[in-house]
Amino acid sequence: MATIQYWLMKSEPDVYSIDDLKRDKRECWEGVRNFQARNFMRGMQVGDLAIFYHSNAKPPGAAGIARIARVAYPDSTQFDSSSKYYDPKSTPDKPRWSMVDVAFVEKFSRMVPLAELKSDPELEGMRVIQKGSRLSVQPVEKSHFERVIALSKLSRGAG
DNA sequence: GCCAACGTTGGC
DNA sequence: GCCAACGTTGGC
């Protein structure tokens, strides 16, 4: 059995939240328009786990867990001129952008705010807590992934 | 709303 | 290939 990889995927909850994924159970992760983030998605395997992160939220933070349900395939919105994700430089025979499908795993009983991720010594070096980090899809170390889950199970201030 | 960070584009 | 201009992300 292959070792699974761990990821963090950002979404603005006003656009698509962990509650939306809980309702939908499974959804395609459309709209990634950054090459580095796209390349990370192309490295994902079915069964990989991702922290579902709420960006541009009050407060921003880790909101739950999703599982990769389908490996990367062309993002159809890039060919749709009515979509805000339309990319006129992309053609169906040479698609620029990919997406994966993600499935709902869990919504944290307590979302872990970014400020708390930043203040946790065990999460030192995690990409999402670095100043100016804009990457919307990023790999996460297993120890960091497990630590975020552990934090979600603590009541604030406990421990 | 502000603005720092940083990715992309395009002129040269 | 350089780099300035521009657009976007995203915390605060």
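A note on names: the letters A, B, ... follow the listed sequences, proteins ahead of strands, and every chain is numbered from 1.
Within the nucleic acid shown, A/Arg96 comes within 4.0 Å of sugar-phosphate atoms alone, with no base atom in reach, counting heavy atoms only.
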Show me, pair by pair, the donor-acceptor contacts under 3.5 angstrom made by side chains of residues 133-143 of chain A, not counting sequence neighbours?
unit_1	atom_1	unit_2	atom_2	d
A/Ser133	OG	A/Arg127	O	3.3
A/Gln138	OE1	A/Val128	N	3.0
A/Gln138	NE2	A/Leu135	O	3.0

Check: residues 24-32 of chain A side-chain donor-acceptor pairs under 3.5 Å, at least two apart:
unit_1	atom_1	unit_2	atom_2	d
A/Asp24	OD2	A/Tyr16	OH	2.6
A/Arg26	NH2	A/Asp101	OD2	3.0

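The list of side chain to side chain donor-acceptor pair (under 3.5 Å) pairs with a residue in residues 74-83 of chain A, not counting sequence neighbours, reads A/Arg33-A/Asp75, A/Arg33-A/Thr77, A/Asp75-A/Thr77, A/Gln78-A/Ser90, A/Asp80-A/Ser82.
For the pair A/Asn34 and A/Lys89, nearest-nucleotide mapping onto DNA chain B gives the more 5' position to A/Asn34.
Checked against salt bridge (Lys or Arg N to Asp or Glu O under 4.0 Å), A/Arg42 has no partners two or more places apart in sequence or in another chain. Remark: A/Lys107 engages A/Asp19 in a salt bridge (Lys or Arg N to Asp or Glu O under 4.0 Å) (not counting sequence neighbours).
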**Study point:** Base-contact (B) and sugar-phosphate-only (S) positions in nucleotides 1-12 of chain C, heavy-atom cut-off under 4.0 Å, - elsewhere
**Key:** ------BBBBBS

